[in-house]
Amino acid sequence: MNEPNVKYEDLKEFAFKLLTHVGVCHDSAEYVSEGLCDTSLSGIDSHGIKLLPHYVQGAIKGRINKNPNFEFDLKAHCAGVLNADHSYGHHSGVVAMKKAIELAKKHGMGAIAVNSSSHFGAAGYFALKAAQEDMVGLSFTHADSLMLSKNSTRPFFGTNPISFCAPVEGEEPFYLDMATTNVSWNKVMNTAAKGKSLEPGWAVDENGDEVLDAKVARALFPSGDYKGFALSMMVEILCSILSGAPYGRNITSMYKTPIEESRHLGHFFMAINVEAFQELDIFKKRMKSMMEELRAEPQKEGEAVLCPGDPQKQYKKERLETGIPIFSSTWEEFEKLSQEFDIPLPKTVGA
């Protein structure tokens, strides 16, 4: 079948209804459905709505605490730790970032480490919330061992993403969201599902040798060789050592571990109050000037010079009009869930 397109609001409503139907509390369902749909809206399909069936099963089978009881331990006036009680990472992440923003408004900066959480989707979803409050936002998470370690035959650290967002005058915030590997593992899985070959520099097999066959891929190359490997370790320190969460090969797999088991993941969030450093208007104007100057740089081979986040902004503009494309395999899973729980499928664009 052709990949159907679904309007953002309709897709978000479908996700929310599915989650609440299986007993997920209102706040968790709201943040998960918003996070997944916002991510797909921005063109990051690997961490978007395709994950909804997996998240639903996590709630049904017991990996996710459907009604978590968060515990904050503020160890300093602007920093602390959140025990997420095995909630969805989207829920704990939003709560932690909101707390970081609250602290930053009072003290100039706020930082929250999170433990006992689960997969939180795209890191940019959380950093963007700080930027929308006219702050600089940073967001990190670790993941199960998927990055080939330097000079090793197997992975130790995960894809461990980094996100940094900042407000800009006259346009949506500057948006950086990157894995510390050349691609995400979900992108490898998407490629495998489409029956396509991987690109060079993406993945290795169980012996640490490069492969183009997605079915035998077992680990990913780090971005920039040892530099991505080092950045991944930096993220691990923030998300594991600071928070008290497991690290490295002690982290359970998202897909290979029985879905009845909690994952004990850690995250780290920071909000920086721009006005603790300089006037907000000046900061936003200078951000705009820098980005416009960069985009005006000489082009090579007719390709536009882009700032990080520009492709995501273009995707969002287009998909708000044409709808979010759904992989055919994902749509089939939606159809099964719709029938099982008697929840109508979202309307497709043009239907």
How close do [X] and [Y] get, counting heavy atoms only, and between which atoms?
| X | Y | value |
| --- | --- | --- |
| His142 | Ala245 | CE1-CB, 4.0 Å |
| Phe268 | Cys239 | N-SG, 3.8 Å |
| Pro167 | Leu280 | CG-CD1, 4.5 Å |
| Tyr88 | Ser28 | CD1-CB, 4.1 Å |
| Pro325 | Asn5 | CA-OD1, 3.4 Å |
| Leu265 | Ser118 | CD1-C, 3.6 Å |

Please test Phe16 against Lys12 for side-chain contact (heavy atoms from CB on, under 4.5 Å), starting from the C-alpha separation and ending with a verdict. CA-CA 6 Å; Phe16 180 84; Lys12 188 168 69 169; 5.6 Å; no
Interatomic distance, [X] atom [atom1] to [Y] atom [atom2] [nearest 0.5 angstrom]:
| X | Y | atom1 | atom2 | result |
| --- | --- | --- | --- | --- |
| Thr153 | Asp209 | OG1 | CG | 9.5 Å |
| Leu138 | Leu238 | CG | CG | 9.5 Å |
| Leu52 | Ser33 | CG | OG | 9.0 Å |
| Asn250 | Asp144 | CG | CG | 12.0 Å |
| Phe140 | Leu231 | CZ | CG | 9.5 Å |
| Thr180 | Ile162 | OG1 | CD1 | 6.0 Å |

Side-chain contact, heavy-atom cut-off 4.5 Å: [X] with [Y]?
| X | Y | value |
| --- | --- | --- |
| Leu41 | Leu11 | no |
| Leu198 | Val188 | yes |
| Leu345 | Glu335 | yes |
| Lys187 | Trp202 | yes |

Are there more than 12 heavy atoms of other residues, nucleotides or ligands under 6.0 Å from atom [atom1] of [X]?
| X | atom1 | result |
| --- | --- | --- |
| Glu260 | CD | yes |
| Gln278 | CD | yes |
| Asp73 | CG | yes |
| Arg249 | CZ | yes |
| Glu206 | CD | no |
| Phe72 | CZ | yes |
| Phe283 | CZ | yes |
| Tyr315 | OH | no |

Does a donor on one side chain and an acceptor on the other come within less than 3.5 Å for His267 and Thr141?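 There is such a pair (donor and acceptor under 3.5 Å, judged by atom type) between the side chains of His267 and Thr141.
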Side-chain donor-acceptor pair present, Glu318, Thr322, cut-off under 3.5 Å: no
ILVMFWY network linking [X] to [Y], side-chain heavy atoms under 4.5 angstrom:
| X | Y | result |
| --- | --- | --- |
| Val94 | Ile112 | yes |
| Leu19 | Tyr125 | no |
| Phe221 | Val216 | no |
| Val24 | Ile343 | yes |

SB check [X] [Y] (cutoff 4.0 Å):
| X | Y | value |
| --- | --- | --- |
| Lys336 | Glu333 | no |
| Lys17 | Glu13 | yes |
| Lys150 | Asp225 | yes |

Exam field: side chain [X] to backbone [Y], donor-acceptor pair closer than 3.5 Å:
| X | Y | result |
| --- | --- | --- |
| Ser289 | Lys285 | yes |
| Asp213 | Lys215 | yes |
| Asp310 | Cys307 | yes |
| Arg319 | Ile324 | no |
| His91 | Tyr31 | no |
| Arg63 | Met254 | yes |
| Ser232 | Gly158 | yes |
| Glu210 | Gly201 | yes |
| Ser163 | Leu176 | yes |
| Ser40 | Ile49 | yes |

Report the residue from Lys316, Lys313, Lys284, Lys288 that forms a salt bridge (charged side-chain N to carboxylate O under 4.0 Å, His left out) with Glu172. Lys316
Begin from the C-alpha positions of Glu292 and Arg295 and carry the test salt bridge (charged side-chain N to carboxylate O under 4.0 Å, His left out) through to its verdict. CA-CA 5 Å; Glu292 288 183 339; Arg295 291 166 179 150; 5.8 Å; no
Residue pair Phe156, Met233: steps toward the side-chain contact (heavy atoms from CB on, under 4.5 Å) verdict: CA-CA 9 Å; Phe156 186 86; Met233 187 169 184; over 6 Å; no
Over 60° means perpendicular and under 30° means parallel, so tell me whether [X] and [Y] are parallel, tilted or perpendicular.
| X | Y | answer |
| --- | --- | --- |
| Phe229 | Phe157 | tilted |
| His77 | His107 | perpendicular |
| His90 | Phe126 | tilted |

Name of the residue among Asp38, Thr39, Val32 meeting side-chain contact (heavy atoms from CB on, under 4.5 Å) with Leu36: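 Only one of Asp38, Thr39, Val32 forms a side-chain contact (heavy atoms from CB on, under 4.5 Å) with Leu36, namely Val32.
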Result block: side-chain N/O donor-acceptor pairs under 3.5 angstrom for residues 53-62, not counting sequence neighbours:
unit_1: Tyr55; atom_1: OH; unit_2: His119; atom_2: ND1; d: 2.6

Criterion side-chain contact (heavy atoms from CB on, under 4.5 Å) on Arg218 and Val204, from CA distance to verdict: CA-CA 6 Å; Arg218 295 294 181 270; Val204 299; 5.8 Å; no
